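Given the structure is predicted, the values throughout are model-derived calculations rather than measurements.
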Amino acid sequence: MYYDALKTFVTLVETKNFTRAAEFLHISQPSVSVHIKNLEAEFQTELFIRSPKVLKITPTGEILYERAKQILSMYEQTQKDILEHHHDIIGKLVIGASFTIGEYVLPPLLVELHAKYPNLELEVFIGNTEEIVQSVRLLNVDIGLIEGQTNDRELLVEPFMEDELFIVGSIQHELASKESVNMADLQNQTWFMREEGSGTREYLKHMIRSNGLKVKSILTISSNQAIKETIIHSGQGLSLLSIHTIDRDVRQHNLSILPLNHPAFKRLFSCVCSPVMENKRHVMAFRDMLRQKTKL
C-alpha cells in the first residue's frame with residue numbers, strides 16, 4: 001500500500017520544500033526522499049525538477065498529485081466509515097456551497113443539522129458554482145450545493161429548491177418609480193455582475209442575450225453583498241439577484257425590485273456529490289434533511 005508515499009508526495013507538492021514536508025509529517029528528510037524515489041520508480045517517471053533554489057513539479061507529477069489527493073481522501077474516508085459504522089452520525093461533514101446558497105440559504109439548515117447531530121463537526125466552504133463543482137469532483141468537500149446545473153457526468157446531481165431572481169436597482173434609480181417596466185427600458189443600462197464561474201452571472205448573461213439587450217457597461221464584483229452595496233451607494237446600475245439575497249434589503253427599502261412586465265426568472269438549486277461520497281452516513285443525513293426542509 002502506497003498511502004505513506006502518496007501522503008508524503010502530496011505534502012511535498014504543497015510545501016515545496018523537503019525539510020518543511022519532513023517537519024509537517026514528523027519524519028526524517030531522507031524518508032521523504034525515499035518515498036519520492038519509490039513513487040518515481042513505481043510510475044517510471046520524474047515527479048519533480050530539482051534545483052538548489054527551486055522544487056518544481058513535472059507535468060506527470062501534476063497528474064499524480066490530483067489522483068493522489070483523491071486516493072488519500074477515499075482511503076481516509078474508508079477508515080472513518082468503518083470506525084463510524086456502529087455509531088451515531090459523528091465525524092466531520094464538509095459542505096461546499098455557492099455564494100447565494102452559502103450566505104443566505106444554508107445557515108438555518110446548519111443550525112438545525114447541528115441541533116439534530118451535535119457530535120457532527122460541520123465545515124463550510126463557500127465559492128462560486130464552478131469552484132464548488134471542482135471541489136466535489138476532487139473530493140475536497142463531501143457534498144456541494146450549487147445554483148443551476150453542471151455538465152459533469154461523474155457527479156450525482158439532485159435539485160432541492162426552486163429559486164426566483166429579480167432585477168434590482170437602488171430606490172433612486174429612474175426605473176424604480178415606474179408602475180411597469182418593459183424589456184425595452186433595460187436597453188443601455190449599467191449592469192453589476194458576479195465573477196466568471198458564478199451561476200448567477202451565467203443566468204444574467206443568458207437573460208441579456210436572449211432579450212437582445214444592449215449593455216452600457218458591466219462591473220464585475222465577486223460578492224453578492226458588495227454588488228448590493230455598490231447599487232445602494234451609487235444610485236445607478238442594475239443587477240439580477242436571487243430573492244434570498246435581496247429580500248431583507250427590499251423590505252428595508254434599500255433596494256427596489258423593478259416591476260418588470262416579463263415572466264418570472266426561475267432556476268433550481270441543486271445538490272451535487274461524488275458517487276464515492278453518496279452513501280456516507282452524514283452525507284445521507286444531510287441530503288435527507290434537504291429533502292424534508294426544501295421540498296420542490
Side-chain angles (χ1 to χ4, degrees), residues 1-87 89-96 119-127 130-144 150 152-156 197 272-284 286:
M1 182 66 191
Y2 281 87
Y3 175 85
D4 291 338
L6 291 175
K7 182 73 173 178
T8 301
F9 169 70
V10 168
T11 303
L12 182 58
V13 172
E14 294 174 351
T15 60
K16 299 181 176 63
N17 181 278
F18 277 83
T19 302
R20 286 198 294 269
E23 291 173 351
F24 183 86
L25 295 169
H26 304 291
I27 61 176
S28 67
Q29 188 171 328
S31 295
V32 174
S33 299
V34 169
H35 282 313
I36 300 305
K37 288 179 180 177
N38 287 342
L39 286 174
E40 289 181 328
E42 172 70 16
F43 293 105
Q44 300 182 16
T45 188
E46 189 175 31
L47 299 174
F48 294 98
I49 299 173
R50 301 165 176 82
S51 71
K53 294 184 178 180
V54 179
L55 183 67
K56 185 177 180 182
I57 191 169
T58 64
T60 52
E62 291 281 4
I63 294 172
L64 179 60
Y65 175 63
E66 182 172 319
R67 300 293 192 276
K69 290 211 298 182
Q70 293 177 320
I71 292 168
L72 291 175
S73 179
M74 292 172 64
Y75 180 87
E76 291 163 3
Q77 190 54 54
T78 300
Q79 286 184 316
K80 291 179 183 178
D81 287 344
I82 292 173
L83 289 173
E84 295 170 9
H85 182 71
H86 297 295
H87 296 82
I89 304 298
I90 59 175
K92 178 190 287 188
L93 175 65
V94 184
I95 304 169
N119 294 321
L120 178 62
E121 181 183 350
L122 299 174
E123 183 176 318
V124 177
F125 164 69
I126 297 178
E130 188 174 293
E131 290 169 336
I132 298 304
V133 170
Q134 177 76 347
S135 295
V136 172
R137 188 176 68 80
L138 295 178
L139 307 179
N140 292 332
V141 299
D142 299 320
I143 193 167
T150 174
D152 196 323
R153 296 182 179 180
E154 296 180 7
L155 303 181
L156 303 172
V272 294
C273 70
S274 166
V276 173
M277 297 294 184
E278 181 184 14
N279 294 318
K280 282 179 56 177
R281 296 182 69 194
H282 39 322
V283 169
M284 292 172 65
F286 181 61

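- Here the CG atom belonging to L72 is positioned 8.5 Å from the OG1 atom belonging to T11, to the nearest 0.5 angstrom.
- Rounding to the nearest 0.5 Å places CD of E154 at 6.5 Å from CZ of R137.
- At least one side-chain heavy atom of E66 sits under 4.5 Å from a side-chain heavy atom of L138.
- Annotation for L139 and S73: closest pair O-OG, 3.4 Å, computed over non-hydrogen atoms.
- Contact of the I27 side chain with the T8 side chain is registered, since non-hydrogen atoms from C-beta on lie closer than 4.5 Å.
- Contact detail for F9 and I57: the closest heavy-atom pair is CZ-CD1, 4.2 Å.
- Shown here is F24, whose CZ atom has no more than 12 heavy atoms of other residues, nucleotides or ligands within 6.0 Å.
- When T150, V141, D142, D152 are each tested for a side-chain contact (heavy atoms from CB on, under 4.5 Å) with V136, only one passes: V141.
- The shortest distance between side-chain heavy atoms of T58 and I49 falls below 4.5 Å.
- The distance from the OG atom of S31 to the CD1 atom of I36 is 11.5 Å, given to the nearest 0.5 Å.
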Point to revise | Check against side-chain contact (heavy atoms from CB on, under 4.5 Å), H35 and L39 | key: CA-CA 6 Å; H35 282 313; L39 286 174; 5.7 Å; no
Practice item. In sequence, state the C-alpha distance, the side-chain angles, and the governing distance for E121 and L93, and then conclude on side-chain contact (heavy atoms from CB on, under 4.5 Å). Key: CA-CA 6 Å; E121 181 183 350; L93 175 65; over 6 Å; no
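- H282 contributes atom NE2, which lies 12.0 Å from atom CE of M284 (distance to the nearest 0.5 angstrom).
- Within the 4.5 Å cutoff, side-chain heavy atoms of F48 are placed close to those of V13.
- L156 contributes atom CG, which lies 4.5 Å from atom CD of E278 (distance to the nearest 0.5 angstrom).
- K280 is not listed as a side-chain neighbour of I143, based on a closest heavy-atom distance of 4.5 Å or more.
- In this structure, the side chains of V10 and Y65 come closer than 4.5 Å at one or more pairs of heavy atoms.
- In the model, Q70 has no side-chain atom that pairs as donor or acceptor with a side-chain atom of R67 under 3.5 Å.
- Annotation for L55 and R50: closest pair CD1-CG, 3.8 Å, computed over non-hydrogen atoms.
- Atom CE of M74 sits about 8.5 Å away from atom CE of M277, to the nearest 0.5 Å.
- The minimum heavy-atom distance between L6 and L64, with the atom names listed, is CD2-CD1, 4.2 Å.
- The environment of CD in E40 is crowded: more than 12 heavy-atom neighbours from other residues, nucleotides or ligands sit within 6.0 Å.
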Exercise for review: Assess whether side-chain contact (heavy atoms from CB on, under 4.5 Å) is satisfied between Y75 and K7, documenting all intermediate values.
Suggested key: CA-CA 11 Å; Y75 180 87; K7 182 73 173 178; over 6 Å; no
